Each structure stands twice: as structure tokens, then as C-alpha cells.
Q: 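Before I ask anything, let me first share the structure, which is written out below as C-alpha cells.
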Amino acid sequence: MIIQFNTDKNINGTEEFTASYIAQIEEELSRYSDQITRIEVHLSDEDGNNNGLNAMRCMIEARVEGRQPMAVTDQADTLDEAVSGALDKLTTSLHTIMGRLSNH
């Protein structure tokens, strides 16, 4: 599973910055790692560092083997909350889709 990070101009997306998010994503999605070929994470600050409510946005796109890509988005006050929220949504979607596939 390849994990790629993209950030807007308001977020400094260094390797040190993304390392903890990569570890969190790998842990949360470990049960699906055989089916997921690639994860793309897009982080953005919607109000340009003005510290507004729900200004941080995380969009995660998962490419699952043999299926169309799926994307989820979450907005929160902090990047940590936005990443966690998007990851929760993705995990729920993957659980639903993989469950349907195993039933057929």
C-alpha cells in the first residue's frame, strides 16, 4: 500500500510532519492492506491560517484493487481531527464494501 501526501501552500508537508499520519493510516487500514494499492491524502487549510472553525480539511482517496477509487472528506478545527475523521469514514466505507464482497 503506497501512501502519498499532498498539502496546500498553507501546510508544510515535510516527511517529519507526515510520518505520524502515515503510521496512523497504516495501522487503521492494516486489515485492508492487501486490497488497497494506493492511498492519497490531501490536506488543506481552507481559511489560510486564520484559525477559523472547521478550517482544516482532509480528503483521503483509496484505490482498491478491482474497484473504482473511493474518496472521503472531513473538516475540523485541527489537522489531527480532520485526518482522524476522514480515516474513520474511510474505514467504515471499506468495511461495508469488503463485507458485501465477501457475502457474494
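Note that the coordinates shown come from a computational prediction; the quantities given were computed from them, not determined experimentally. Starting from 1, each residue takes its place in the sequence as its number.
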Q: Between atom SG of C58 and atom NZ of K89, what is the distance when rounded to the nearest 0.5 Å?
A: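 The NZ atom of K89 is 10.0 Å from SG of C58, to the nearest 0.5 Å.
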
Q: For D74, is there an ion pair with R57 - N to carboxylate O distance below 4.0 angstrom?
A: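 Here R57 does not pair with D74 in a salt bridge, since their nearest N and O are not under 4.0 Å apart.
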
Q: With salt bridge (charged side-chain N to carboxylate O under 4.0 Å, His left out) as the criterion, how do E65 and R67 come out once you've worked through the C-alpha distance, each side chain's angles and the decisive distance to 0.1 Å?
A: CA-CA 6 Å; E65 219 171 72; R67 304 212 26 105; over 6 Å; no

Q: Return the minimal non-hydrogen interatomic distance between A76 and A82, and the atom names on each side.
A: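 Scanning both residues completely, I find the closest heavy atoms to be CB-N, 3.6 Å.
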
Q: Tell me whether M59 is reachable from M1 by hopping between hydrophobic residues (I, L, V, M, F, W, Y) whose side-chain heavy atoms are closer than 4.5 Å.
A: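 No, because M1 and M59 fall into different hydrophobic clusters, even though each may have its own neighbours under 4.5 Å.
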
Q: Side chains of E26 and I3: closer than 4.5 Å at any heavy-atom pair?
A: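 Touching, per the 4.5 Å side-chain cut-off.
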
Q: Judged by modelled atom types alone, do S30 and E28 share a side-chain donor-acceptor pair under 3.5 Å?
A: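 S30 vs E28: no donor-acceptor pair found between side chains.
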
Q: Do I22 and F5 come within less than 4.5 Å of each other through their side chains, counting heavy atoms only?
A: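 Touching, per the 4.5 Å side-chain cut-off.
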
Q: Can you confirm whether V64 sits close enough to T37 that some side-chain heavy atom of one is under 4.5 Å from a side-chain heavy atom of the other?
A: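 V64 does not reach T37 side chain to side chain.
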
Q: Is there side-chain contact between T91 and H95, with at least one heavy-atom pair below 4.5 Å?
A: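 T91 vs H95: side chains apart.
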
Q: Do F17 and L43 make a side-chain contact, defined as non-hydrogen atoms from C-beta onward lying under 4.5 Å apart?
A: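 Heavy-atom side-chain distance check passes, below 4.5 Å.
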
Q: Who are the side-chain hydrogen bond (donor to acceptor under 3.5 Å, both in side chains) partners of E61, not counting sequence neighbours?
A: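 Only R63 meet the side-chain hydrogen bond (donor to acceptor under 3.5 Å, both in side chains) criterion with E61.
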
Q: Restricting to side-chain hydrogen bond (donor to acceptor under 3.5 Å, both in side chains), what partner residues turn up for T7, sequence neighbours left out?
A: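 side-chain hydrogen bond (donor to acceptor under 3.5 Å, both in side chains) list for T7, sorted by chain: empty.
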
Q: Using the rule that Ile, Leu, Val, Met, Phe, Trp and Tyr join whenever any side-chain heavy atoms are under 4.5 Å apart, tell me whether V72 and M70 fall into a single cluster.
A: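 They do share one cluster, since a chain of ILVMFWY contacts under 4.5 Å joins V72 to M70.
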
Q: Indicate the atoms forming the closest heavy-atom contact of A86 with I60, along with that distance.
A: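 Closest heavy-atom pair between A86 and I60: CB-CD1, 3.8 Å.
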
Q: Could you name each residue pair satisfying ring-ring contact (aromatic ring centres under 6.0 Å, His included) that touches residues 26-45, not counting sequence neighbours?
A: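 For residues 26-45, and leaving out neighbouring residues, there are no ring-ring contact (aromatic ring centres under 6.0 Å, His included) pairs at all.
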
Q: Do you know which of V83, N10, D80, L79 makes side-chain contact (heavy atoms from CB on, under 4.5 Å) with M56?
A: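 It is L79; the other options fail the test.
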
Q: Does a side-chain heavy-atom distance below 4.5 Å link R38 with Q4?
A: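 Yes, their side chains come closer than 4.5 Å.
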
